[in-house]
Amino acid sequence: MTASPDRPDTFGTPYPGLAGASVLSLMEHPPEAVAALLTSAEWLARTPRAAWPRLLEAKMIALIFERPSTRTRVSFEVGITHLGGHALVLAGRDMQMGRGETIEDTAKVLSRMVDAIVLRTGPHETLEELDRHASVPVINSLSYAHHPCQALADALTLRQRFGALDGLRVAYVGDGNNCCASLMIVGALTGMEVVAACPAGYTPDPEIVAWCNATGAGTGGSAWVTDDPAAAAAGARAIYTDTWISMGDEDDADRRRRDLGPYRVDDALVAAAAADAVVLHCLPAHHGEEITYEVLHGPRSAVWDQAENRIYAQAALLGHLLA
Ligand code: CP
Ligand code: NVA
């Protein structure tokens, strides 16, 4: 295949504004930065990992987990290793941070030792504080408010399936949580229309929806909210859902299952979408809750590509931040 600006035959030149930057939500970066990341990620996805450039040679990256993870941990480690770097996986509870060392002191110490810090935590403010005091890039690998690494993999998956993202309609169905917010943000940055179908009390932050529409004025993207899953699904090229009980919501599980019950992604909802629609889920899934087993494992499911794409999206991100 012939190379083109959208489909180069190299990783590409790191986007200048990303060099040394942090990524807390993606809202702090322009559409051009996200486009450059997705172009590099797509190249990594179609290039044998043994042939990847050693962009992270001699780079040390701390991955701190204050919450459980399967995909994020494995995909970061795999991507970093194939780019020639080294990942230090740290459980927050085993660090002095877990027994009271401040975020400020932790940021200053780690900045003397590693080239980037990836943190999965609860409050988004913890990431902001870490970033304020760190002199190396900080990457959000999930907070209660945002999941930008997931959103990059989501956009990559849609780009692989449909080519251009602009004008693509995506329906998010269920809890307007971190994955919903980050999907709306990446949608606004790449020109997608993202409609979230959520019951009252579970809608995404209106300030984020407003930011998406303001940003979308320049990209063609938009974001809106409804309480009707079928209305959201009509004409959608992707139906996306996520758990009803995010990490931190466990005490509220019964009420959430009751309120979100009508928002299950099943065959009937998928049939209401476009004929070529795919189904996305950030995983882990809860069969029979937010998604049926049949849809998750069925022919329209793109979730396994989506999970694999975490490797390429995050490797591209680190390549642009640190190369
Ligand atoms: N989607 C996602 O972030 O998965 P993990 O919690 O397994 O990392
Ligand atoms: N919304 C979920 C995503 C898990 C990857 C959570 O925050 O637990």
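Computed from a prediction, not measured in an experiment: that's the story for all the values here. Worth knowing before you read on, the calculation uses all heavy atoms, side chains too, and leaves out hydrogens, waters and symmetry mates. Read the numbers this way: they start at 1 and go in the same order the structure lists the ligands and their atoms.
Remark: minimum distance from atom 7 (O) of ligand 2 to any protein heavy atom is reached at N178 ND2, 2.8 Å. The nearest protein atom to atom 8 (O) of ligand 2, hydrogens excluded, is given as M247 N, 2.8 Å; this is a heavy-atom distance.
Close approach of ligand 2 to L142 (heavy-atom distance below 4.0 Å) involves ligand atoms 3 (C), 4 (C), 5 (C), 7 (O). The contact set between ligand 2 and N177, taken as ligand atoms under 4.0 Å from a residue heavy atom, comprises 1 (N). When each atom of ligand 2 is checked for a heavy atom of L283 under 4.0 Å away, the hits are 5 (C).
Close N/O approach between S246 and ligand 2 is found [any backbone or side-chain N/O within under 3.5 Å]. Annotation: D242 places an N or O atom under 3.5 Å from an N or O atom of ligand 2; distance criterion only. Between T243 and ligand 2, no pair of N/O atoms sits closer than 3.5 Å.
Here H297 and W304 bring their ring centres to under 6.0 angstrom of each other.
By the 4.0 Å N-to-carboxylate-O rule, D305 lies close enough to R161 to be salt-bridged with it. Using a 4.0 Å cut-off between charged nitrogen and carboxylate oxygen, K108 and E104 count as a salt-bridge pair.
R237 forms a cation-pi arrangement with F162, by the criterion of a distance under 6.0 Å to the ring centre and an angle within 45° of the ring axis.
No side-chain donor-acceptor contact under 3.5 Å links D131 to the backbone of E128.
The environment of CD in E207 is sparse: at most 12 heavy-atom neighbours from other residues, nucleotides or ligands sit within 6.0 Å.
Note that the CD atom of E193 and the CG atom of L165 stand 13.5 Å from one another [nearest 0.5 Å].
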When the side chains of residues 282-289 are checked against the rest of the protein, which donor-acceptor pairs come out under 3.5 Å, sequence neighbours left out?
from : atom 1 : to   : atom 2 : distance (Å)
H286 : ND1    : T243 : OG1    : 3.4
H286 : ND1    : E290 : OE2    : 3.4
E289 : OE1    : R257 : NE     : 3.4
E289 : OE2    : R257 : NE     : 2.8

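Near ligand 1, S69, T70, R71, T72, R120, H147, Q150, C282, L283, R310 each place a heavy atom less than 4.0 angstrom from the ligand.
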Report the C-alpha distance between R258 and D254 in whole Å, list the side-chain angles of each, state the deciding distance to 0.1 Å, and finish with yes or no for salt bridge (Lys or Arg N to Asp or Glu O under 4.0 Å). CA-CA 6 Å; R258 192 179 60 240; D254 292 344; over 6 Å; no

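By the 4.0 Å heavy-atom criterion, D249 is excluded from the residues contacting ligand 2.
Between Y312 and R49, the closest side-chain pair of non-hydrogen atoms falls below 4.5 Å.
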